[in-house]
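For reference, the structure is listed below as structure tokens.
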Amino acid sequence: MSVAKMLSSLQFCPDFGALRRGDPAPSLQSRCFNALLRQLPFKQQLASAEAVQAHVQKLALQPASYEPTGLGRGVEVTLTKMGGWPVYYTAPSSGHEGCNHVMFLHGGGFINEIVPAHWRFIGEMTRKARVVCVVPIYPLAPRATAKEIVPSTAELLRMLLEDAGSAKVTVVGNSAGAGLALAACQWLRDRGHRQPARLVLISPAADATVSRPEQVVLAARDPIQDIPGIVEAGRLYAGELDVGHPFVSPLNGAFRALAPMTIFSGTRDLLYPDSVDLVERARAVGVAVELHLLRDQPHNYVLMPTPEGRRARALILRAVA
């Protein structure tokens, strides 16, 4: 069944993957958080191409800080440079001998810097799962584009896989970072390099064209995102590439021989139909995929202070440990 028919017949509650008839309704905290998100300026910043351009120009004049904040106790941080990019390593203060590794790729539509919510999650993984997190601070569009960012990210991941030896390496990405993670692993596969142990994709931005008719309806329900701004951010990130190129829209890439995937999404996320397609395409070529699709959860619900977010993070901690 197509995503459009699924939406029409089930009133935005598709019987797919982790979302089943009889699943509990969203928690009170989640419903309140959805209402709060609508009062914040996120959606207005994506309401038009002009709004995105104004936001990018403002950030060019006043770049946002990418320095770690909110990691919490019990985490030590090291900053290095690789390929000209700042790269942070976080590790448990009590020692990291024998620890597994996580490469974390932050979201932000490729136009926004890593934010405290990302660092809090990195701190939680470091402390509770006892992993070393590797956090590349990749340059933002339009100063850098997919043509440079995807291969450079993949090279960093290749080096991490080599350096980690027998330790498990998991790639965790949210939103744009999840799309980047998928594109980087496709790049590695195409060049004969090994894959990480698992890909954890949180609300993946896998198709920058945002061209599905049903997404127009979903956009009205999404409290954070809007189509014109996502399309413009994708255009800036694409640079000289077509927005449908797999570097920009990895949903259009090949899925054979990729790492197993765990995907989180919610039905208030206008990007969630891409997660449904991603699962179907990966499974069709034998890639193991878990989909956690929750009713009425917004984009990036995993990072939010709700019961649904905490349960999702607990799953991720077990996956990366």
Side-chain angles (χ1 to χ4, degrees), residues 66 77-91 96 98-107 110 114 118 122 125-126 129 131-141 144-202 204-206 237 239 241 245-263 278 282 285-289 316 319-321:
Y66 54 72
V77 186
T78 305
L79 172 63
T80 186
K81 284 216 168 185
M82 300 179 72
W85 295 3
V87 179
Y88 285 96
Y89 287 74
T90 67
H96 52 84
C99 286
N100 290 322
H101 292 71
V102 170
M103 175 177 274
F104 180 79
L105 298 170
H106 72 84
F110 297 109
I114 190 169
H118 297 133
I122 292 163
M125 286 192 290
T126 305
V131 294
V132 173
C133 288
V134 181
V135 188
I137 306 299
Y138 56 84
L140 302 176
T145 64
K147 189 174 181 179
E148 304 92 49
I149 292 173
V150 170
S152 295
T153 302
E155 274 293 327
L156 288 174
L157 178 55
R158 183 189 63 77
M159 290 188 287
L160 173 59
L161 288 164
E162 287 184 359
D163 292 345
S166 61
K168 180 171 72 176
V169 176
T170 306
V171 181
V172 180
N174 81 287
S175 192
L180 176 57
L182 183 56
C185 285
Q186 289 171 341
W187 189 96
L188 287 177
R189 185 269 325 278
D190 290 344
R191 285 152 185 82
H193 301 300
R194 64 180 276 211
Q195 291 284 295
R198 180 168 292 273
L199 277 169
V200 176
L201 307 177
I202 301 167
Y237 177 58
L241 298 176
H245 190 285
F247 279 14
V248 186
S249 298
L251 189 62
N252 296 330
F255 287 84
R256 69 184 190 285
L258 291 179
M261 301 180 197
T262 302
I263 301 172
L278 199 164
V285 292
V287 175
V289 186
I316 294 173
V320 304

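No experiment lies behind these values; they were computed from the predicted model shown.
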Response to the item:
Closest heavy-atom pair, V172 versus V102, reported as atoms and distance to 0.1 Å, is CG2-CG1, 3.7 Å
Worksheet entry | Minimum side-chain heavy-atom gap T145-F247 below 4.5 Å | no
Practice prompt. Indicate the atoms forming the closest heavy-atom contact of A176 with F110, along with that distance.
Written response: O-CZ, 3.3 Å
Discussion item. Test side chain to side chain contact (heavy atoms under 4.5 Å, CB included) on Y89 and H96; report intermediate values, then the result.
Written reply: CA-CA 11 Å; Y89 287 74; H96 52 84; over 6 Å; no
Fill in: T126 side, atom OG1; F104 side, atom CZ - distance, nearest 0.5 Å
10.5 Å
Worksheet item: Would you call N100 and V320 a side-chain contact if the rule is heavy atoms closer than 4.5 Å?
Response: no
Worksheet entry | With K168 via salt bridge (Lys or Arg N to Asp or Glu O under 4.0 Å) - residues at least two apart | none
Practice prompt. Verify, without hydrogens or angle tests, whether N174 (side chain) and G107 (backbone) share a donor-acceptor contact under 3.5 angstrom.
Written response: yes
Discussion item. Please determine whether side chain to side chain contact (heavy atoms under 4.5 Å, CB included) holds for the pair I316 and T262, giving the CA-CA distance in whole Å, both sets of side-chain angles, and the decisive distance to 0.1 Å.
Written reply: CA-CA 9 Å; I316 294 173; T262 302; 6.0 Å; no
Worksheet item: When rounded to the nearest 0.5 angstrom, what is the spacing between NZ in K147 and NE2 in H245?
Response: 9.0 Å
Discussion item. For the CG atom of L157 and the CZ atom of R194, what is their distance to the nearest 0.5 Å?
Written reply: 9.0 Å
Response to the item:
Here the gap from L105 atom CG to L182 atom CG, rounded to the nearest 0.5 Å, amounts to 11.5 Å
Discussion item. Using every non-hydrogen atom in the two residues, find where P151 and A146 come nearest and quote the distance to one decimal.
Written reply: CD-O, 3.7 Å
Worksheet item: Any side-chain heavy-atom pair from V200 and T170 closer than 4.5 angstrom?
Response: yes
Worksheet item: At what distance, to the nearest 0.5 angstrom, does CD1 of I114 lie from CG of L140?
Response: 10.5 Å
Practice prompt. Go through L278 and L201 one step at a time and tell me if the side chain to side chain contact (heavy atoms under 4.5 Å, CB included) criterion holds.
Written response: CA-CA 11 Å; L278 199 164; L201 307 177; 4.3 Å; yes
Worksheet item: Which heavy-atom pair separates T153 from A184 by the least distance, and what is that distance?
Response: CG2-CB, 4.2 Å
Worksheet item: At what distance, to the nearest 0.5 angstrom, does CD of E155 lie from CG of L160?
Response: 12.5 Å
Worksheet, complete the sentence: Here the pair of heavy atoms bringing S152 nearest to W85 is CB-CZ2, 3.5 Å
Worksheet item: Are the side chain of Y88 and the backbone N or O of I137 linked by a donor-acceptor pair below 3.5 Å?
Response: no
Practice prompt. Could you check whether the rings of Y138 and H106 sit parallel, tilted or perpendicular, using 30° and 60° as the cut-offs?
Written response: parallel
Worksheet entry | By ring pair (Phe, Tyr, Trp, His ring centres under 6.0 Å) - contacts of H101 (at least two apart) | none
Worksheet item: Counting distance only, does the side-chain N/O of R158 pair as donor-acceptor with the main-chain N or O of H193 below 3.5 Å?
Response: no
Worksheet item: Who passes salt bridge (Lys or Arg N to Asp or Glu O under 4.0 Å) against D163, sequence neighbours left out?
Response: none
Fill in: Closest non-hydrogen atom pair, P139 against A144
CG-CB, 3.5 Å
